[in-house]
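Letters A, B, ... are given to chains in the order of the sequence lines, protein chains preceding strands, and every chain is numbered from 1.
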Amino acid sequence: MTVRVRYAPSPTGDPHLGNIRTALFDWLLARHYGGQFILRIEDTDRARYVESGVQAQMEALRWLGLDWDEGPDKGGPHAPYVQSERLPLYKEHADRLLAEGKAYLCYCSPERLDEVRKRQQAQKLPPKYDRLCRELTAEQRRAAQAQGTAPVVRFQTPLLGETVAQDALRGAVTFQNETLDDFVLLKSDGFPTYHLASIVDDHLMEITHVLRGEEWLSSLPRHVLLYRAFGWKPPVFAHLSTILGPDRAKLSKRHGAHAALEYRRQGYLPDAVVNFLGLLGWSLDDHTEIIDRETLIGHFDLDRVLPNPAVFNADKLDWMNGMYIRRLPPEELATQVRPFLEAAIGRAVDPAALSRIVPLVQERIKLLSEIVGMADFFFTEGPLDYEAATLLGKKFAGEPRQAAEGLEKVLSAVQTLEPWQREPLEAAIRPLAEQMGVKAGDLFGVVRVAVTGRTATPPLFETMEVLGREKAVERLRAALDRLHSVTS
RNA sequence: GGCGCAUUCGUCUAGUGGCCCAGGACGCCGCCCUCUCAAGGCGGAGAUCACGGGUUCGAAUCCCGUAUGCGCCA
């Protein structure tokens, strides 16, 4: 039997990291067993439907490299893969249960349901449908129909006994049937509820493993009951734990941007996000943290998935992203980083220039977007923006003349230096510090700010080499001018 | 309120009766390297395994209860 797994999002907006982790586990399981990964859109809740939702879901999956074998855009043996296009199927199955006496039509108005609920709450009883329509006589039914009320279809839940359901992560979970009510299968507008639609589709699409959020665990007995009523074999169910924010509440907008695509915008690498999410509730062993896709696929299985909720550790994701950035071939990093830089400086960047810069910043950024703060000065035209105090630093704060003297020495040592390369630059500048009786690092600090406008940069001489003589000299002069205006 | 699930360093986790007075990782701190910032190396602090009872020669690991958190139903 081949493993068939589905990711079945509701297109209610951008997918969250929580959703994406479910999709990842789905995908890993399918790939591990050489089975199929199916994308199905559950859009029967028309009130919450968002037009761009389907595209956003697919975009996020594509970004992360989670390719699907069957889906709305690809078709497949069980098309269509969008629930709103499968309405006749749900109707047909609801009718079948109706005909077999396992479901019934309910004519209760929303107003009456509301009243019942209020009464139960007042008596501190668990609110549930009072089954008024379960035992209607043919005559009563005719009367209700004559009134023109559109009925809903309700499932006839056993009144007594218990339903034992298996969860792959937790084992047997037992529910008393009397706590369940006669839930709705088909709404009065002809749309199915989640319960009916997902069970019918999972069966028809031959899904073998259902991975979904823990919030569905309490619906499990209903689904098991439905499978039984249809005479179908249920799939393996695994309810994945919730991902929590730092305050231990379920991850949500309140915790900031956790839409998957937002991570792309911020400069996270798909491989890093996949690795990180793969380790949220699953582990390979007691020490491996950096795991590539192939290894993930090779080892992933449900038996090492944990049932307990996990707090999202943003620091660790950042660290991991840095690890992946450092492992990238420099040319690859250059192309990844280019759009971020171009967006920031507002013009195209010469790939050749960028490829000389990238090796200098590769181990200094954790996010692709950090290229901007680390390298934009290479592209700045005209005067740099910094304070004279920054230029002087702690060392020369009271000695602007000495700093100016240093810069003058550097300028004249460097102006006609040949070749304009890292080593000659260092050989020319380092001895000047000794001449002046200051530490090399202190002199370098002034030069660094003069040439880059920043106190934290890649190594100075490499930076100057890449920057080029023209800009470096121009900036040294500008720094001198600035110091002269302070000292005079 | 009812039902269900969960509970190991701040966080992610290893651990399925003796190897654990609990291992790894992120973060934090210190040292080394060093022209700044990183990266890297080394070291450190940090968990009476939620609590209380059992079972057992022996429990983080099994059982019961309590607490707390979360989810679902409204």
Q. What does B/C49 pair with, Watson-Crick or G-U, if both distances are under 3.5 Å?
A. none
Q: State which of B/U13, B/C70, B/G40 makes the closest approach to the side chain of A/Thr242.
A: B/C70
(Q) Ignoring hydrogens and geometry beyond distance, is a side-chain donor-acceptor pair present between A/Ser283 and A/Arg304 at under 3.5 Å? (A) yes
Q) NA contact type, A/Arg448, heavy-atom cut-off 4.0 Å: base, sugar-phosphate, or nothing? A) base
Q: Would you give the length of the straight line joining atom CD of A/Glu462 to atom CD of A/Gln421, rounded to the nearest 0.5 angstrom?
A: 11.5 Å
Q. Counting side-chain heavy atoms from CB outward, which of B/A39, B/U36, B/U11 is closest to A/Arg364?
A. B/U36
(Q) If only side-chain N and O atoms count, and only distance matters, is there a donor-acceptor pair under 3.5 Å linking A/Thr163 with A/Asn177? (A) yes
Q: Could you check whether A/Ser283 gets within reach of a base, just the sugar-phosphate, or nothing at all, counting any heavy atom under 4.0 Å?
A: sugar-phosphate
Q) Between A/Tyr227 and A/His203, do the side chains contain an N or O donor and an N or O acceptor separated by less than 3.5 Å? A) no
Q) Under 4.0 Å between a side-chain N or O of A/Arg326 and OP1 or OP2 of B/G40? A) yes
Q) How would you list all residue pairs meeting ring-ring contact (aromatic ring centres under 6.0 Å, His included) that involve residues 401-429 of chain A, not counting sequence neighbours? A) none
Q: Could you tell me whether A/Trp282 and A/Phe25 have their ring centroids closer than 6.0 angstrom?
A: no
Q. Reckon A/Ala440 touches a base, only the sugar-phosphate, or nothing at all at heavy-atom distances under 4.0 Å?
A. nothing
Q) Between B/A6, B/C12, B/C5, which one does the side chain of A/Glu214 approach most closely? A) B/C5
Q | From B/C37, B/C72, B/C3, nucleotide with atom closest to A/Thr179 side chain | A | B/C3
Q) With sequence neighbours left out, which residue pairs that include part of residues 156-180 of chain A fulfil the salt bridge (charged side-chain N to carboxylate O under 4.0 Å, His left out) condition? A) A/Asp167-A/Arg170, A/Arg170-A/Glu214
Q: Report the distance from atom CE of A/Met320 to atom P of B/A39, rounded to the nearest whole Å.
A: 15 Å
Q.
Within the 4.0 Å heavy-atom criterion, would you say A/Phe175 contacts the bases, only the backbone, or no part of the nucleic acid?
A. sugar-phosphate
Q: Take atom CG of A/Leu244 and atom P of B/U68, then tell me their distance rounded to the nearest Å.
A: 18 Å
Q) Which one, B/G71, B/U8, B/C35, comes nearest to the side chain of A/Asn308? A) B/U8
Q) Hey, what do you get for CG (A/Leu417) to OG (A/Ser412), rounding to the nearest 0.5 Å? A) 11.0 Å
Q: Compare the minimum distances between each of B/C12, B/A14, B/C37 and the side chain of A/Leu306, then state the nucleotide with the smallest one.
A: B/A14
Q) So, A/Gln57 and A/Tyr7: side-chain donor and acceptor under 3.5 Å apart, yes or no? A) yes
**Q.** C1' spacing across the pair B/C9 / B/C5, given as an integer number of angstrom
**A.** 24 Å
Q) When you measure from the side chain of A/Thr457, which nucleotide among B/U36, B/C12, B/C35 comes out closest? A) B/U36
**Q.** Residue of the set A/Phe312, A/Tyr263, A/Tyr268 for which ring pair (Phe, Tyr, Trp, His ring centres under 6.0 Å) holds with A/Phe276
**A.** A/Phe312
Q: Please work out if A/Ser241 contacts a base, only the sugar-phosphate, or nothing of the nucleic acid, heavy-atom cut-off 4.0 Å.
A: nothing
Q: Give one of base, sugar-phosphate or nothing for A/Arg304, where a contact means two heavy atoms less than 4.0 Å apart.
A: sugar-phosphate
Q.
Can you confirm whether or not the ring centre of A/Tyr194 sits under 6.0 Å from the ring centre of A/Phe183?
A. no
Q: Rounded off to whole Å, could you give me the CG-to-C1' distance for the A/Asn275 and B/U13 pair?
A: 14 Å
Q | A/Asp202/A/Arg6 ion pair, N-O < 4.0 Å | A | yes
Give me the distances for all protein-to-nucleotides 50-52 of chain B N/O pairs that come in under 3.5 Å?
none

Q. In terms of side-chain heavy atoms of A/Pro459, which of B/A39, B/C35, B/G71 is nearest?
A. B/C35
Q | G-U wobble or Watson-Crick pairing nucleotide for B/C5 (cut-off 3.5 Å, both distances) | A | B/G69
Q | Length of the CD-P vector between A/Glu178 and B/G4, whole Å | A | 11 Å
Q: Once you apply the 3.5 Å cut-off to both distances, tell me the Watson-Crick or G-U wobble partner of B/C31, or none.
A: B/G41
Q: Under 4.0 Å between any heavy atoms, over every strand shown, what does A/Gly281 touch: base, sugar-phosphate, or nothing? Just pick one.
A: sugar-phosphate
**Q.** Modelled atom types, side-chain donor and acceptor of A/Asp201 and A/Tyr90, under 3.5 Å
**A.** yes
Q. What is the base-pairing partner of B/C57, counting Watson-Crick and G-U wobble geometry with both distances under 3.5 Å?
A. B/G18
Q: Remember a base hit wins even if backbone is also touched, and classify A/Leu217 as base, sugar-phosphate or nothing at under 4.0 Å, heavy atoms.
A: sugar-phosphate
Q | Nearest-angstrom distance from the residue atom CD of A/Gln166 to P of B/C5 | A | 12 Å
**Q.** Pairwise 5' ranking along RNA chain B for A/Val311 and A/Ser219, keeping only the more 5' one
**A.** A/Val311
Q: Give the rounded distance in Å between these two atoms: NZ of A/Lys128 and P of B/G2.
A: 14 Å
Q | Summary of protein contacts for nucleotides 20-28 of chain B, nucleotide by nucleotide, where a base hit scores B, a sugar-phosphate-only hit scores S (4.0 Å, heavy atoms) | A | ---BBBBS-
Q: Could you state the atom-to-atom distance from NE2 of A/His299 to P of B/U13 in whole Å?
A: 19 Å
Q. Taking CD1 from A/Ile371 and C1' from B/C37, how many angstroms apart are they, rounded to a whole number?
A. 14 Å
Q: Any pair with a residue in residues 282-303 of chain A that passes salt bridge (charged side-chain N to carboxylate O under 4.0 Å, His left out), sequence neighbours left out, goes on the list, sorted by first then second residue, please.
A: A/Asp271-A/Arg293, A/Glu289-A/Lys316
Q: Mind running a 4.0 Å heavy-atom check of residues 416-439 of chain A against RNA chain B and sending the residues that fall below it, in number order?
A: A/Arg430
